[in-house]
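All residue numbers in this chain count up from 1 along the given sequence.
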Amino acid sequence: MKPSFEVVEPSFGSSFYYSKYMENANNMAHLWHYHPEIEMVFVNGGAGKRQIGSHVSYYTEGDLILIGSNLPHCGFTDTNTGNKNETVIQMKPDFLGSIFLGLQEIRGIQDLFDKAKAGIAFGRETMLAVGHRIEMMDEQLPFERLLTLLSVLKALELAKDYKILNADGFSMEMQVQDNDRINMIFNFVKDHFQEQISLQYVAEMSSMTVPSFCRYFKKITKKTFTHFVNEYRVVHASKLLAEKQTSIANISYESGFNNFSHFNKLFKEFTGKSASEYRNELKSVIK
């Protein structure tokens with residue numbers, strides 16, 4: 001069975017993706033998939049199966065895994081694992097920037113990422129040392145969350161109780177068709193999000209009917225195409241709110257929204273606060 005390509009987007013206001021699933025709420029458990037992002041998974045308690053590349057094993061009393069870029073794997077929790085929760089962090093290999101990764105203090109993290117290409121399972125000592133830090137990121141603001149992630153990565157770099165899961169040089173052929181197609185769609189949205197985007201046009205561009213395209217996009221991204229475009233526009237609007245001293249109405253139009261009330265509704269839906277509240281909070285932080 002060939003793995004499916006998963007699109008990963010950073011959490012709002014962050015350079016990486018973070019999500020904490022309570023009990024068995026992560027629906028990726030049975031899906032064989034891969035993505036360019038390095039993935040860290042902390043399972044708090046319970047026992048279950050690891051399937052990472054050609055490696056299959058069972059874990060008990062929780063798990064802490066680091067999975068390298070494009071290494072196919074299944075999820076780690078389901079209704080039978082009995083875990084309290086599962087935390088997933090996904091980051092591009094260069095999310096810190098090549099210059100930052102080259103710093104003497106950080107260089108070991110690049111070595112950690114290289115080892116993760118074959119998958120790494122950490123022992124109980126390391127899991128107990130960093131597990132609470134991984135979970136507390138759920139309540140942190142983006143800057144604090146980044147600092148905590150760096151401290152966790154440093155701890156993993158220094159850990160002695162770990163196991164490399166796949167043989168050195170392990171590789172598996174990926175499906176590139178989905179990757180190319182989804183990248184084409186993402187690039188089109190990036191270049192045209194300020195305009196009205198026709199679903200019919202994007203479907204034809206992808207050589208699909210509209211229903212087929214909608215099913216395909218939802219399967220790959222776990223969200224509808226309309227949701228994705230609106231999310232892209234809201235993220236752009238939040239950037240403008242931080243950078244430009246212009247009216248919120250102008251920002252909504254510059255971000256591709258033709259209806260101001262619709263913009264306000266979606267902005268609050270995505271960020272948890274109104275555009276004016278968001279701007280005021282930014283001002284108070286700057287002061």
Side-chain angles (χ1 to χ4, degrees), residues 3 6-35 37-53 55-68 71-91 95 109 112-113 115-116 119-166 222-223 272:
E6 179 191 4
V7 174
V8 177
E9 292 183 61
S11 302
F12 188 84
S14 182
S15 57
F16 58 92
Y17 173 85
Y18 178 95
S19 189
K20 185 176 178 182
Y21 301 93
M22 302 310 294
E23 296 182 336
N24 59 325
N26 189 353
N27 60 5
M28 297 293 289
H30 302 294
L31 181 62
W32 181 234
H33 64 286
Y34 73 99
H35 40 73
E37 291 76 12
I38 295 166
E39 178 168 324
M40 184 191 304
V41 182
F42 171 56
V43 180
N44 188 340
K49 185 174 72 172
R50 304 184 191 112
Q51 186 174 353
I52 303 171
H55 173 91
V56 180
S57 61
Y58 283 84
Y59 64 86
T60 57
E61 297 183 279
D63 207 9
L64 178 58
I65 299 286
L66 195 65
I67 304 167
L71 179 61
H73 56 281
C74 285
F76 304 93
T77 63
D78 57 29
T79 54
N80 299 314
T81 47
N83 59 296
K84 294 178 182 177
N85 51 61
E86 177 187 10
T87 306
V88 177
I89 300 172
Q90 294 165 315
M91 63 210 110
F95 86 107
I109 292 178
L112 174 70
F113 287 173
K115 282 194 290 189
I120 309 172
F122 294 91
R124 185 149 185 82
E125 182 180 342
T126 298
M127 188 163 44
L128 291 173
V130 304
H132 69 287
R133 278 188 265 169
I134 293 171
E135 291 188 334
M136 76 179 187
M137 291 167 69
D138 190 42
E139 304 296 327
Q140 293 179 331
L141 294 172
F143 182 70
E144 295 171 300
R145 187 178 282 182
L146 175 60
L147 294 180
T148 302
L149 177 59
L150 287 174
S151 75
V152 169
L153 289 173
K154 191 65 179 177
L156 298 187
E157 172 210 329
L158 299 173
K160 303 298 182 186
D161 56 333
Y162 68 87
K163 177 184 178 183
I164 303 296
L165 300 180
N166 286 281
K222 308 299 181 295
K223 60 186 72 172

Taking only residues two or more places apart in sequence or in another chain, which ones pass side-chain contact (heavy atoms from CB on, under 4.5 Å) with Phe143?
Leu147
Approximate separation, where rounding is to 0.5 Å, of Met127 CE and Leu156 CG
12.0 Å
When rounded to the nearest 0.5 Å, the distance separating OG of Ser57 from CD1 of Ile52 is 7.0 Å
Do Thr81 and Phe76 touch side chain to side chain, with heavy atoms closer than 4.5 Å?
no
Which heavy atom of Gly119 sits nearest a heavy atom of Leu71, and at what distance?
N-CD2, 3.6 Å
Quick check for you: to the nearest 0.5 Å, what is the distance between Met137 atom CE and Phe42 atom CZ?
12.5 Å
Under 3.5 Å donor-acceptor, His55 side chain and Leu165 backbone
yes
Return the set of residues passing side-chain contact (heavy atoms from CB on, under 4.5 Å) with Glu125 (not counting sequence neighbours), or none when no residue passes.
Asp161
Is any side-chain heavy atom of Leu128 less than 4.5 Å from a side-chain heavy atom of Arg124?
yes
Could you tell me which residues satisfy side-chain contact (heavy atoms from CB on, under 4.5 Å) with Arg133, sequence neighbours excluded, listed by chain and number?
Val130, Met136, Thr148, Ser151, Val152, Ala155
Please report the shortest heavy-atom distance between Asn83 and Gly45, naming the atom on each side.
CB-O, 3.1 Å
Test side-chain contact (heavy atoms from CB on, under 4.5 Å) applied to Ala116 - qualifying residues, sequence neighbours left out:
Leu66, Ile120
Residues two or more places apart in sequence or in another chain: which of them pass salt bridge (charged side-chain N to carboxylate O under 4.0 Å, His left out) with Glu39?
none
Can you tell me how far apart NZ (Lys20) and CD1 (Ile134) are? Round to the nearest 0.5 Å.
11.0 Å
Enumerate donor-acceptor pairs with a distance under 3.5 Å from any side-chain N or O in residues 7-14 to protein atoms, sequence neighbours excluded.
from  : atom 1 : to     : atom 2 : distance (Å)
Glu9  : OE2    : Lys223 : NZ     : 3.2
Ser11 : OG     : Tyr18  : N      : 2.8
Ser11 : OG     : Tyr18  : O      : 3.3
Ser14 : OG     : Phe16  : N      : 3.3
Ser14 : OG     : Phe16  : O      : 3.2

Considering residues at least two apart in sequence or located in another chain, which fulfil the salt bridge (charged side-chain N to carboxylate O under 4.0 Å, His left out) criterion with Arg50?
Asp63
Does the side chain of Leu64 reach to within under 4.5 Å of the side chain of Met40, using non-hydrogen atoms?
yes
Looking at Thr126 and Ala159, what are the two nearest heavy atoms and their distance?
OG1-CB, 3.4 Å
Any non-hydrogen side-chain atom of Ile89 less than 4.5 Å from a side-chain atom of Leu149?
yes
Which value, rounded to the nearest 0.5 Å, describes the distance between Leu150 atom CG and Ile109 atom CD1?
5.5 Å
Side chain proximity check, Leu112 to Tyr162, heavy atoms < 4.5 angstrom:
no
Do the non-hydrogen side-chain atoms of Tyr21 and Asn85 ever get within less than 4.5 Å of each other?
no
Just jot down the side-chain hydrogen bond (donor to acceptor under 3.5 Å, both in side chains) partners of Glu157, sequence neighbours excluded, or say none.
Lys154
Main-chain N/O of His73 paired to His33 side chain as donor or acceptor, under 3.5 Å
yes
Taking only residues two or more places apart in sequence, or in another chain, which ones meet Glu61 in a salt bridge (charged side-chain N to carboxylate O under 4.0 Å, His left out)?
none
Taken to the nearest 0.5 Å, the spacing of Thr87 OG1 from Glu135 CD works out to 5.0 Å
